[in-house]
Amino acid sequence: MNSQMRDPVTSAFAGPAVVGRLAPSPTGALHLGNARSFLLAWLSVRSRGGRLVLRVEDLDHPKVKPGAADAAIQDLRWLGLDWDEGPDCGGPSAPYVQSERRAYYRAALDGLLSEGLAYPCVCSRRDVADAQSAPHGRDPHTLAYSGTCRGRFRDWAAAAAVLPPPRIPVWRFKTNPGLSVFDDAVLGRRSLDLAAEVGDFAFARDPDGAGYMLACVVDDAAMGVTEVLRGDDLVDATHCQIALQAALGLPRPAYAHVPLVVAEDGRRLAKRHGDTRLSTLREAGISSRRVVGLLAWWSGLAPFGAECSPEDLLDGFSLKRVPRAPAVLDGRAKSLLREAFP
Ligand code: GLU
């Protein structure tokens, strides 16, 4: 259907199909911070009549918790979000659980290896730090990798052989000098010299390439995703993902990164700031309409104290209304959750 045709059922003009995704990691329960990003991802797509995919990102082995994927699905449904494809409802790109998609990541890894664009690395964090001539990286915790293991090992097995178990190598991508640039729907133009600031980035700690960075790129393409909306802690990861897309000949979706929810100390929400898990709020007797109202107030979409469903927010939704500053779990916000923050 081209952009000038009317949909025969709704008689609305149908633009190019927007496809978004909700990609929870079952490493813990959904809390207010994740919930806000998921609500905005849903609104952005549904307000334009688009389709949504739910994908479970369960490759982070040590941190994945049994039952957390089902709990995330339950929490998202409780909030009032829905999707057209996912592990609970199937769809043309099944399976929707990353641990069941390893063959796709292996194929992508083989593609990178055949082009000489990936190599296994055995450096520890300490090795990476020691190889720095000067403090580097945009974030003091992020160290640019100097490429010590480039060309060092024939293959993964050769690299693994020099490490004492249980340590295993990591796959790195060979970056090229030059600016990586993309236009973010919330943050505007973003640019980063990936080679200088990050270096050859790690994309999977797994022999078959089954790690977040590569899997995300492979799955976004395989599932036809045209828009990625997520927390702004992943802005730098986007530059890495764009580099992988270019190397693999995959299309680049549009990106939107929204500020995280932070506590009054300015730090991202953590246990010490109180229990903001959706399951806890629900068990305390707080309605999903009140929670969605809080998320909407934080996002410039509803007045303070509103109670609403995600659908109530569709009319007039625009990412332009979302403040660029982080949402803060302050006294006012907590007063809306008084049963959980007495
Ligand atoms: N699975 C990630 C999370 O739950 C999101 C990654 C992404 O959206 O690309 O934080």
Side-chain angles (χ1 to χ4, degrees), residues 18-45 52-65 67-76 79 81 83 85-87 93 95-101 104-105 108 182 184-187 190 201-206 210-245 250-262 268-270 276-279 295 319 326:
V18 177
V19 181
R21 53 21 165 229
L22 309 174
S25 295
T27 51
L30 291 196
H31 53 72
L32 286 175
N34 317 120
R36 189 174 93 114
S37 302
F38 289 133
L39 173 65
L40 292 172
W42 185 93
L43 285 169
S44 177
V45 169
L52 273 156
V53 175
L54 183 117
R55 177 168 85 222
V56 174
E57 300 202 324
D58 62 344
L59 295 179
D60 197 357
H61 300 296
K63 292 200 223 143
V64 168
K65 302 216 170 60
D70 288 342
I73 288 177
Q74 198 188 339
D75 287 344
L76 292 169
L79 272 185
L81 305 185
W83 44 91
E85 301 173 33
S93 309
Y96 293 93
V97 177
Q98 288 190 322
S99 57
E100 296 168 19
R101 299 178 57 81
Y104 296 102
Y105 314 139
F182 71 94
D184 188 282
V186 175
L187 304 174
R190 304 288 306 199
F201 59 85
F203 62 83
R205 191 176 286 285
D206 176 275
Y212 164 71
M213 201 67 95
L214 183 62
C216 180
V217 160
V218 168
D219 289 347
D220 282 341
M223 296 172 184
V225 169
T226 65
E227 172 176 296
V228 173
L229 187 152
R230 56 190 176 191
D232 65 7
D233 52 329
L234 287 167
V235 173
D236 285 357
T238 297
H239 290 285
C240 300
Q241 293 176 2
I242 285 173
L244 287 170
Q245 283 151 4
L250 300 175
R252 182 197 295 194
Y255 287 98
H257 291 88
V258 293
L260 298 179
V261 179
V262 299
R268 59 196 284 179
L269 286 188
T276 70
R277 288 177 294 176
L278 297 189
S279 53
L295 303 176
L319 275 179

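Counting convention: from 1, in listed order, for ligands and their atoms alike. Side chains included, hydrogens not; waters and symmetry mates left out as well; all remaining heavy atoms used. Quantities reported herein were computed from a predicted structural model and do not represent experimental measurements.
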So, Ser93 versus Arg55: side-chain donor-acceptor pair below 3.5 Å or not?
no

Could you tell me how the ring of His257 sits relative to the ring of Tyr255: parallel (under 30°), tilted (30 to 60°) or perpendicular (over 60°)?
parallel

Rounded to the nearest 0.5 Å, what's the gap from CG on Leu229 to CG on Asp184? Could you check?
8.5 Å

Side-chain donor/acceptor of Arg36 to backbone N/O of Pro259, under 3.5 Å:
yes

Who pairs with Asp70 by side chain to side chain contact (heavy atoms under 4.5 Å, CB included), at least two apart in sequence or on another chain?
none

Kindly print each ligand 1 N/O atom paired with any protein N/O atom under 3.5 angstrom away, one pair per line, or none if nothing qualifies.
from: ligand 1; atom 1: 1 (N); to: Ala23; atom 2: O; distance (Å): 2.7
from: ligand 1; atom 1: 1 (N); to: Ser25; atom 2: OG; distance (Å): 2.7
from: ligand 1; atom 1: 1 (N); to: Glu57; atom 2: OE1; distance (Å): 2.6
from: ligand 1; atom 1: 4 (O); to: Ala23; atom 2: O; distance (Å): 3.4
from: ligand 1; atom 1: 4 (O); to: Ser25; atom 2: N; distance (Å): 3.3
from: ligand 1; atom 1: 4 (O); to: Ser25; atom 2: OG; distance (Å): 3.3
from: ligand 1; atom 1: 8 (O); to: Arg21; atom 2: NH1; distance (Å): 2.7
from: ligand 1; atom 1: 9 (O); to: Arg21; atom 2: NH2; distance (Å): 3.0
from: ligand 1; atom 1: 9 (O); to: Tyr212; atom 2: OH; distance (Å): 2.7
from: ligand 1; atom 1: 9 (O); to: Arg230; atom 2: NH1; distance (Å): 2.7

Using a distance-only test with no angle check, is there a side-chain donor-acceptor pair under 3.5 angstrom linking Asp219 and Tyr96?
no

